[in-house]
Amino acid sequence: MILRYTAQRLLMLIPVSFSISVVIFMIVYLLPGDPIDNLLRVGSSPEDRAELVAQYGLDRSLVVQYFVWIGNMFQGEFGQAIVLRRPVADLIAQNLPYSLTLGGLAFLFSSTVGMALGTLSAMVRNPVLDRFVRGFILLGSTVPGFWLALLLILFFSVNLGWFPVSGARGWESLVLPVLTIGFGGVALVARVTRVALLDVQREDFVTLLHAKGLSSGAILFRHLMPHALLPVVTILALRIGWILGGAVTVEFVFGRPGLGSLLIRALGQRDYPVVQACLLMLALAVMLGTLIGDVAQAAMDPRIREKKS
Amino acid sequence: MKTSSMTARTLDAFARMSIGRAFASGIGMVAGGFLVLLVLVAIFAPWIAPFDYAAQNLMNANAPPGWPHLLGTDEFGRDVLSRVIFGARTSLSVSATAIAISMAAGMTLGAAAGYFGGFFERAVMTVVDLTWSFPDILIALIFVAIIGPGLTSTTFAIAIAYLAQFTRLTRAQIVRLKRETFIEATINLGAKPSHILLRHLMPNAIAPVIVVGMLAIGDGIVLEATLGFFGLGAQPPTPSWGAMMSSGTAQLFLSPWVIIFPGVAVAVTVIAVNLFGDELIRALDIRDRLRGS
Amino acid sequence: MSMLEVRDLGVAFGAVQPLSDVSFSVGKGETLGLVGESGSGKSLTAMSVMGLLPLIGGRITAGAVEFDGQDLTKLPEKAYRKLRGGRIGLITQNPMTSLDPLQKIGPQVDAVAVLHLRMTRAEARARTVEILGTLRIPEPALICERYPHQMSGGMKQRIVIAMALAANPAVLIADEPTTALDVTVQAQIIRLLDDLVKSRDLALVLITHDMSVVAQVCDKVVVMYAGRAVERGSVEAIFERPRHPYTQALIGCIPRGLEGTERLTGIEGTVPTVMNYPSGCPFHPRCPRAEPICAREVPAFSTGGDSAAACHFAEVGHAKPA
């Protein structure tokens, strides 16, 4: 049943990924100026130009060009970086692990700490604690990420000297970036967990669970948490893109390698093959996240499994 | 004519009731009061700022907070407080303009999609859902990359980044309202689509959209600051909170106040917007309607 | 012998006192009907007996709840938990929302026997299947593997009853067990409960607003109004000689089929809410024979024959309901 559901979701991704790839493909054509020039270094020879035209079929119709392009992408042929003069695939391969590490750790941090905080504020009926958590949630969802990053650097790296100011050497360099991205993530997860727990506690079946003689702890872990997890999983899956987006600014501020800083640098240098490849990778991550979220939800909730199949 | 007066009346009633009620709570009053004050500061910046925001004084560069430069000076010796005050102008106007554009376009698209349904709806919503799953900063970055840096492109980048939100919300409201009896009755009576849409659907759908718009102004300020920080927003010497922090990174260790104060301005403003927005949601009792979209 | 006895129960939420002076008792093999309109405090009484008031922010301020001679209001939470689901079972109002939608039926019922009878999972499952069978649920072993949303309301209510019965309780509290069900299913569930009382020697507290259900299965009745008990007695006494004007009005609301030419009567006015309970006799604003004293003094119970009513004029009129 769950396999069939996964297959269905995968099928539904086809039109979405098609539209995304078309948009990314079209960026070069939306830019002012000649699209071929946009893909070439300034001062390239006519021979270089002819080679590019032949390689991508740039003299053919747009539709053909798209299929040539997407075909290349599928084979990992991302083309040549204009400014960095290296195969784009190499750049991606070099930067991707950094982003995955940072994103993965930030994701783990956000979900565990966020759920713990949210649960605490929903279950412990302590107005002081509740106000603290709610204040934290408000701060976490409003303070700009790059500013928080700068403050953390100022305090922990400059004043206390605990962590390196920038770079990507060793675990120490990961602490502040993870904290920065995690701050917003923790706030988000905590808010969703809190609301979900407060909502589910009002359901009739919870009264009946108490009437069965179960202890509050057993009710929380065996019955309430699975319900609270549903919206948390949804929001986390939806926000995988946002965590990556947070990584974009944070990588830049901390001077870490990664897809985000690669993208920003490429945008600044108008290195469009790199921009296209980075965007494709990010889009892929966003879609994978949504897929995993959907499947995880279906695995947890029998009602969803049946509705869609 | 009737249509516009109807909408105007709804809006008017909405404004009087809910804004009044949002101000009535303690938090709402503090947050709302701060926002009113901020708008006044932005409007009267030239009269309030103690110094010329662009006046350089290299002899007094990177001066720490004190007298007469209450918040210190930056690497060109410009007064940070004056720049923060003028920055409020840039940040507020860019964000508010962007959100207004985004809201108008999103409401039109969403209402049309929700009302007409069919292929049109599916086409619009596919594109919208696509941008929805992408982080706002990425969408804005791509847009700025295509048409180049500056305040105008920042404004449109923000408008596009939040377009999906307004389109989805408006469509959800319209779809929900269309199922209600009084609308069905109007449709069955043979009213014209434009009449139903403008006279009956929009006035009823507008409250949640306006509240979300209010909250989005906060997000817009953060986004403007982020683009500014990357050097893609306001160009020198125009002061904007984001741009100030961007030029300040180089001086992070030497003169941290150049970064701290604009950031505080952003954070406090956005928090005030959120608190006031929450009070509005409570006063209007529309939390459930916001959830479903 | 009475299994459950409630004496002068009072409940408060902060400064609000939605329940006062409620008393009743039920013995083995006996069914007590707790009747009244919605908002009269019936469900609160059930929550008080289950010791679940803290869950909704309330507390017992007066009186006692005695189970098998033991005062539950002074029982520590841990010991109370052993009684809940173990010796006292609860059946809730809405079967649609009474089961955890994310778990299969089997484990939800098994949990009770595992918890209270110290059974292994396998033993508990065998017991679950057996109980579901006695509740006339077809293919019980298969049902255990189903999820709640795959079952009808009547089936779900039987599952809820099975959970309440799983640990062999002595007392069963059924809070409007049929309100949310179809009329045909209602009759089945009521008959099922009645059979259980007889076959298992249960003490059943049946909370309902349906006087015809009371007439069918109850031995004793307590009529509640605005958070107070206003009349109590044997079912015969209450139906044949209702002495409180409110009870008389309630009985006047029962349709009597085709035989009678009597007119069906409603009760004028509305039920007061907790925030505006009237002074004196809670029923006086709607009472056809209210006198000045009714607004001033809360009437005491006066006993006559098989019943007792809290009315200043309980002795005066024994008029048949209109």
Side-chain angles (χ1 to χ4, degrees), chain A residues 15-20 22-24 27-28 30-32 135 137-139 141-151 153-155 157-159 165 195 231 237-249 252-253 260 263-264 266-268 270 272 275 278-279 282-283 286-287 289-290, chain B residues 122-123 126-127 129-149 215 218-219 221-232 241-242 245-246 248-249 252-254 256 258-260 262-275 278 287 291:
Chain A
V16 180
S17 36
F18 173 73
S19 345
I20 292 184
V22 168
V23 170
I24 294 175
I27 287 178
V28 182
L30 292 171
L31 293 167
I137 289 172
L138 182 68
L139 272 181
S141 40
T142 50
V143 168
F146 68 91
W147 185 61
L148 180 67
L150 292 172
L151 286 193
I153 291 177
L154 204 59
F155 189 68
S157 305
V158 180
N159 286 1
V165 170
V195 170
L238 270 178
R239 291 299 171 110
I240 281 184
W242 293 75
I243 289 178
L244 289 172
V248 171
T249 48
F252 181 79
V253 175
L263 175 66
I264 293 196
L267 278 171
R270 310 200 148 233
Y272 290 104
V275 170
C278 285
L279 288 178
L282 289 172
V286 169
M287 285 192 298
T290 333
Chain B
R122 244 176 299 147
T126 306
V127 176
D129 284 342
L130 213 118
T131 53
W132 174 254
S133 53
F134 272 84
D136 51 359
I137 176 69
L138 269 189
I139 295 171
L141 273 179
I142 293 166
F143 188 78
V144 172
I146 292 175
I147 64 170
L215 289 170
D219 297 336
I221 289 173
V222 172
L223 193 51
E224 190 274 330
T226 311
L227 287 174
F229 177 73
F230 286 133
L232 300 170
W241 291 340
M245 289 188 266
S246 169
T249 34
L252 179 61
F253 314 120
L254 198 59
V258 179
I259 283 187
I260 290 176
V264 168
V266 173
V268 173
T269 307
V270 178
I271 287 172
V273 167
N274 273 276
L275 287 175
D278 275 350
R287 197 170 292 280
R291 262 190 207 170

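Excluded from the calculations below are hydrogen atoms, water molecules and symmetry mates; all remaining heavy atoms, backbone and side chain alike, are included. In what follows, chains are A, B, ... by sequence order, proteins preceding strands, each numbered from 1. Worth saying up front: this structure is predicted, and the values here are computed from it rather than measured.
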Worksheet entry | Any A:Ile264 side-chain heavy atom under 4.5 Å of B:Phe230 side chain |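 Yes, side chains in contact.
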Worksheet item: So which part of B:Leu223 gets closer than 4.5 Å to some heavy atom of chain A, the side chain, the backbone, both or neither?
Response: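 Neither the backbone nor the side chain of B:Leu223 comes within 4.5 Å of chain A.
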Item to complete: Heavy-atom distances under 4.5 Å only: say whether A:Leu148 touches chain B with side chain, backbone, both or neither.
Response: neither
Practice prompt. Report yes if some heavy atom in the side chain of B:Val222 is under 4.5 Å from a heavy atom in the side chain of A:Thr142; otherwise report no.
Written response: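 Counting from C-beta outward, B:Val222 and A:Thr142 never come under 4.5 Å.
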Worksheet item: Of the listed residues (B:Leu275, B:Asn274, B:Thr226), which shares the most heavy-atom pairs with chain A below a 4.5 Å separation?
Response: B:Thr226
Item to complete: Please work out whether the ring planes of B:Phe229 and A:Phe146 are parallel, tilted or perpendicular, with thresholds of 30° and 60°.
Response: parallel
Practice prompt. State, yes or no, whether a side-chain contact exists between A:Leu154 and B:Ile260 at a heavy-atom distance under 4.5 Å.
Written response: yes
Worksheet item: In terms of heavy-atom proximity below 4.5 Å to chain B, should A:Ile20 be classed as side chain, backbone, both, or neither?
Response: both
